[in-house]
Amino acid sequence: MELRIHGVSGGEAEELLDVEPAMRISGDGLAGFFRWRRKPDTELEDDVPREIFAWGNLTSGRASRALWLLLLPFMLVNIAYWMRPGRPGDRPGPVRRLADTGYGLAVRLLALSLTMLLTLAAAGVGMDLIGWQCSGYAEQCAELRPLLGFLSAPESPVATPGWALVIGALLPLVVIALLWRLSRRTESVYEVVEPPYKPVHHPKAPLSDPEFWHNSRTMGRLRSAHIAAAVAAVTTLLLAPALGYDRAVGSPVLGTTLSVLVALTFTGSTLSVLVPGTDPRWNGYADAICRVLRNLALFLLAVTLLYVLVPRPGWEATGRLPGFGVGLNALFAAQCALGVLLLVSAIVLYRGGRAHADIPLRGMAGPAAAALGTLLGGVLTAAVVYQSAGMLGGCYYPGAKATGCIELHAPGGFAWLQLAFTMEAVIALVAGAVLWIWMHNRTRREVDVVAALYQRDPRERRTRELAKARAFGSLTETLPAVLAAFLLPVVALIVLVLYSAVTGRLSVAPEAVDGPFMAVSGATGWIQGTVAAMVTVGSWLGGLFLVALVAIGGSAYRNRPTRQVVGVLWDIGTFWPRAAHPLAPPSYAERAVPQLVARVAGKTGRGIGVVLSGHSQGSVLAAATAWQLPARCRSHVVLLTHGSPLYRLYARYFPAYFGPRALGDLYARVDYWRNLWRATDAIGGPIEVERDAEEGATAFVGFAEPLPDPRHFDPGEGEALRPPVLGHSFYTRDPAYTEAALAAVRRVARAPEVERLPRPVGSVVTADPAHRGADVEQEDQ
């Protein structure tokens, strides 16, 4: 049986199976020749059926899933957990073990900090701007924003600071509830029954761990801890103003008791995140403790709501919400400290792990992903709070001061993030220009290669077109340099913060003039104006970027070309289990891999050999499946990968899980492995594995040289169109694929007979005959 696994943006099942009644044999989508499809067109050889595993709806489908793009910062930090440097199977010394622990600890705490940041952003809008600052303006707020008049109008029964805070707290609580609900729903949808087949686990191949794709216990524990910490943060913001008033009048006992309990709950939730992510010895106890902490946090929230609603004569809302700015600054400081810890841990792991030379950024790709995810989360939250302050108060728009406005202030710490995002936008423009120049120069070099390959004149237009396609295929190699460039604002941000802390020359002071700005002590007017403009531009860019994420996400899940553009990053990010951030988008592999394992093991158990054919991201799923298969399947499964990012992306950016050593173990787990790739393919590439026979020696799987693309320079006989450049697509239509697949089928046919598994015994519920599938009927026969 040939089992195909599609890649990013897989088509309909009929298209992938090649069973449409008509097939195009010439021309293109505008005009072409068709004929009826024949039986030999849909099978490699007689009696070799084809199946397709379609997993595209796990990451696409309904347009509502576009909202998952708003969780992009969570996803970046989660994949940073899996990007740690290292060589699988090594026995690390105490220093490297400590560094490995520190790496995981830093990433999990950064993930928690992003949950806190999202919660504080919602609280900044609902509790600080609406519930506290706006209600402090009384009639002015009611006149400017009639919809909020019930919070500040003197005749309103809820026009008290307590009621305004409680109503404002609904926004962050709704956000927390939505994340909680989304995480639980995806867990129930993506979780499958654990198959009875157990793989042979080897330290060199972490993905061969039988528990690798069963992450529900760890994710449930982390989810409870994140929810408890987020609820505790909202409870603290509710408590701070009321407790301040009670201390002033001399009755702080109840408020102090609640604040101590909330602090203990938050501390316990934070510490529970530090428990090793997948250790079964601690997961059960930690899960129970986290559930208790979550329920305790909800109970304390309910008590605090009642405590805040107690009437307090003379209590008024003035200035900013007490405790909000201090908590936000403390969170930013903690993120900087965790970033340093993550960087140091990655350096130790890289230098002591005998990593292969192709690891980008010298093992710093994981810290880079975590830093960019943290910065992106901060920018988005800053944009939401600042734009909300501008829309509610009206003072951040030109000419608003003359017409009257409410001076609502966002925390000054957000200005740093908006300044950094403006710098990121400038770097993006510069990087785009540099890449254009790089493509131009690379195309010029490829012209001679194409001319020699096809024996044509290098001055022909067709030659330059093919050279440009080959240059585009090598564009992925520039990714480390681009990633390093985008880290420059993060470094500048840390330097500015340290400079401000040491000298006191920089201060963040958002004022209601024409926009928030950063006051620079002793700076000339043009410097001050430039900084103010950059902060304001960053605020607008952050808001536009947030809107663009939703728009692009919606288009990606409705439009295949758009999905192909964003699908690479998205499918890499959502491949990994949620071991660091439980509220990130769900891992489709947790559903796909067990299903594939059960299917392949079941087929081989009935004496049917399987050609496991994976394209693009489907090749990664095929590799993960082969690692999870039981030992009895090895001689009856062959692996055929095409357009595969297994080495080009996964082995380089996830060396501890997909390095050459792990791929060498995968090579030994199947009877045959052939890899096809093209120089015009920007995603797929050659696969280099490390053989056991000689430690450190590497070899290529399949062809070290790429397939020609296109195979012919000029139109074929009877054709009017030149063969198109296929790039990353249509490997299965290449004659080299048919040749490799036929060789794989013949190899499986010569394999010794497998010990067949017994048929199920006992009563079996039979499906309605009218709805029985062809596969069921064939198996019954």
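Atoms considered below: every heavy atom in the structure, side chains included; atoms not considered: hydrogens, waters and symmetry mates.
In this structure, NE2 on His581 lies 8.0 Å from CG on Leu179, to the nearest 0.5 angstrom. With rounding to the nearest 0.5 Å, the separation of CZ in Arg108 from CG in Asn78 is 11.5 Å. Taken from CG in Leu309 to CH2 in Trp163, the straight-line distance is 5.0 Å, to the nearest 0.5 Å. Put simply, CD1 on Ile176 and CG on Leu298 are 9.0 Å apart, with the number rounded to the nearest 0.5 Å. With rounding to the nearest 0.5 angstrom, the CG atom of Leu293 is 9.0 Å from the OG atom of Ser224. Interatomic distance, CG of Leu380 versus CG of Leu118, reported as 9.5 Å (0.5 Å rounding).
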Using the rule given for side chain to side chain contact (heavy atoms under 4.5 Å, CB included), can you reason through Leu239 versus Val262, listing the C-alpha separation, both sets of side-chain angles and the distance that settles it, and then say yes or no?
CA-CA 10 Å; Leu239 269 174; Val262 172; 4.1 Å; yes
Between Trp213 and Tyr588, does a ring-ring contact (aromatic ring centres under 6.0 Å, His included) hold up when you go through it step by step?
CA-CA 10 Å; Trp213 299 110; Tyr588 60 86; 8.8 Å; no
Trace of the side chain to side chain contact (heavy atoms under 4.5 Å, CB included) decision for Val260 with Thr257
CA-CA 5 Å; Val260 170; Thr257 303; 5.9 Å; no
Starting from the C-alpha separation in whole Å, work towards a yes-or-no answer on side chain to side chain contact (heavy atoms under 4.5 Å, CB included) for Leu417 and Phe332.
CA-CA 10 Å; Leu417 298 171; Phe332 289 155; 3.6 Å; yes
When you look at Phe266 and Thr235, which way does the side chain to side chain contact (heavy atoms under 4.5 Å, CB included) test go after all the steps?
CA-CA 10 Å; Phe266 179 80; Thr235 306; over 6 Å; no
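When Val292, Leu296, Asn295 are each tested for a side-chain contact (heavy atoms from CB on, under 4.5 Å) with Thr265, only one passes: Leu296.
Residues Leu583 and Leu182 are not in side-chain contact: their nearest non-hydrogen atoms beyond the backbone lie 4.5 Å or more apart. Using a 4.5 Å heavy-atom threshold, the side chains of Leu321 and Gln133 count as separate. With a 4.5 Å cut-off on side-chain heavy atoms, Leu341 and Leu109 do not count as touching. For the pair Leu375/Phe421, no side-chain contact is recorded, criterion being any heavy-atom separation below 4.5 Å from C-beta on. Contact annotation: the side chain of Leu114 never approaches that of Leu110 to less than 4.5 Å [non-hydrogen atoms, C-beta and beyond]. At least one side-chain heavy atom of Thr256 sits less than 4.5 Å from a side-chain heavy atom of Arg247. Annotation: side chain of Ser259 is not in contact with side chain of Thr236 (no heavy-atom distance under 4.5 Å). No side-chain heavy atom of Phe575 sits less than 4.5 Å from a side-chain heavy atom of Ile79.
Ring planes of Trp82 and Trp576: parallel class, angle under 30° (limits at 30 and 60°). Under the 30°/60° scheme for interplanar angles, the aromatic rings of Tyr386 and Phe414 are found to stand perpendicular.
When all heavy atoms of Val77 and Ala580 are compared, the pair lying nearest together is O-CB, 4.4 Å. Among all heavy-atom pairs drawn from Cys290 and Ala225, the shortest one is SG-CB, 4.1 Å. Listed here is the closest heavy atom pair of Pro172 and Met127: CG-SD, 4.2 Å. Heavy atoms only, all atoms of each residue included: Arg294 and Ile227 are closest at CG-CG2, 4.1 Å. Scanning all heavy atoms of the two residues, the minimum distance from Arg578 to Ser587 falls at NE-N, 4.5 Å. Considering all non-hydrogen atoms of both residues, Phe545 and Leu376 come closest at CE2-CD1, 3.3 Å.
The closest side-chain donor-acceptor pair between Gln335 and Ser113 falls under 3.5 angstrom. No donor-acceptor contact under 3.5 angstrom links the side chains of His226 and Ser183, judged on distance only.
With hydrogens and angles disregarded, a donor-acceptor distance shorter than 3.5 Å links the side chain of Asn329 to the backbone of Gly325. Panel note: side chain Thr218, backbone Asn215; no donor-acceptor pair is recorded below 3.5 Å.
With a 6.0 Å cutoff to the six-membered ring centre and a 45° limit on the axis angle, Arg312 counts as a cation-pi contact of Tyr307.
Salt-bridge annotation for Arg320 and Asp128: absent, with no side-chain N of the basic residue lying under 4.0 Å from a carboxylate O of the acidic one.
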